[in-house]
Protein chains: 2
Amino acid sequence: MNMFDINPSQAAPIWRQIEEGMRRMISLGTLAPGDTVPSVRELAQQLRVNPNTVARAYQRLTDAGVFAVRRGEGTFVSEEPTQLKKSERHDTLREAATRYAGTAVSVGATLDDASRELGNSYERVVREHRRKA
Amino acid sequence: MNMFDINPSQAAPIWRQIEEGMRRMISLGTLAPGDTVPSVRELAQQLRVNPNTVARAYQRLTDAGVFAVRRGEGTFVSEEPTQLKKSERHDTLREAATRYAGTAVSVGATLDDASRELGNSYERVVREHRRKA
DNA sequence: CCTACTGTATTGGTAACCTAATACACTGGT
DNA sequence: ACCAGTGTATTAGGTTACCAATACAGTAGG
């Protein structure tokens, strides 16, 4: 399956981009429970990235209960893809919102500006993932 | 004057937190053109940070035309605090919005969720800065 | 068995950041 | 003239994160 893109020239480390990309695909249903996930080396080659970097993302997702591993066989989306607890989800969302609001204010954008831009980006992110499916 | 807070245990480097904090105070009018800014050593002591780190932030703001320096006297908010060009402002806003939308989707938040949280954060950021004034 | 594929562990290099200690040139007030 | 306060420059050290290269361990299938 064709996966998302990663951008090496970005602040966020690659392994986090991979981790969040996977979470997005699951949230959007592009990746369903029980589906097989590209092997570490395969995805690494596809993204032009070191296998270790992919492995780190998979490791974290496995620890979080999102992925399930059968050694020697491969990695799969967990049957019960552990969603983050409601409180955790809210915390991460709040942190991200704080960062976004902070930069918005720093460039002199109004709340309406920020909201409008958020709408555009949200739609774009969703569309981008649907396209890859 | 009492300035903002910085959080050393955060992804964003301290010098950037200072830089953005200053920009926010200007955008909100807490810091007006011609106002004097705490000296490098003074702010460093106030934030419990190395003077070099503050100097780096001031340097960038001066290069950007936001601050003006009179050698031996101190640093001031530029009389014509160079706002970023409209295109640049939009670009940074768009990038930030993309990051925010990305994590929002990854935690399964709807656009309404993200918008609501953005509203809260925006208000909070503004209030936080007003309080310090 | 042996090969080819999984995920995992270890190690090393590189870059960024922060801190620290000095030193310099300039200005204002005493 | 002196001194205290500015911003600035330089050098060094230590920590941390990221990425790459390599070797290891397990499983499936011919």
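Note on naming: letters A, B, ... go to the chains in the order of the sequence lines (proteins, then strands), and numbering restarts at 1 for each one. Remember, predicted model here, so these are calculated numbers, not experimental data.
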Side-chain donor/acceptor of [X] to backbone N/O of [Y], under 3.5 Å:
| X | Y | value |
| --- | --- | --- |
| B/Arg23 | B/Leu61 | no |
| A/Ser27 | A/Arg24 | no |
| B/Thr53 | B/Val49 | no |
| A/Tyr58 | A/Glu19 | no |

Respond yes when some side-chain nitrogen or oxygen of A/Arg56 is under 4.0 Å from OP1 or OP2 of D/dC18, and no when none is.
-> yes

Mind checking B/Thr75 for me? I need base, sugar-phosphate or nothing, with any heavy atom below 4.0 Å counting as a touch.
-> sugar-phosphate

Looking at every strand, decide which applies to B/Arg41 at a 4.0 Å heavy-atom threshold: base, sugar-phosphate, or nothing.
-> base

Nucleotide nearest A/Asn50 when distance is taken to its side chain, options D/dA20, D/dC18, D/dA28 | D/dA20

Rounded off to whole Å, could you give me the [atom1]-to-[atom2] distance for the [X] and [N] pair?
| X | N | atom1 | atom2 | value |
| --- | --- | --- | --- | --- |
| A/Arg16 | D/dC18 | CZ | P | 8 Å |
| A/Arg70 | D/dG29 | CZ | P | 12 Å |
| B/Gln45 | D/dT6 | CD | P | 11 Å |
| A/Asn7 | D/dC19 | CG | P | 12 Å |
| B/Phe67 | D/dT6 | CZ | P | 15 Å |
| B/Asn52 | D/dG13 | CG | C1' | 13 Å |
| B/Ile18 | D/dG7 | CD1 | P | 13 Å |
| B/Leu43 | D/dT8 | CG | P | 14 Å |

Which is it for A/Asp113 and A/Val107 under the side-chain contact (heavy atoms from CB on, under 4.5 Å) test, yes or no, and what are the steps along the way?
-> CA-CA 11 Å; A/Asp113 293 335; A/Val107 300; over 6 Å; no

Can you give the first and last nucleotides of DNA chain C, 5' to 3', that have an atom under 4.0 Å from a heavy atom of chain A?
-> C/dT6 to C/dT10

Does A/Phe76 have A/Arg70 sitting over its ring (NZ/CZ under 6.0 Å from centre, angle to axis within 45°)?
-> yes

Have A/Arg94 and B/Ser121 got a donor and an acceptor in their side chains that come within less than 3.5 Å?
-> no

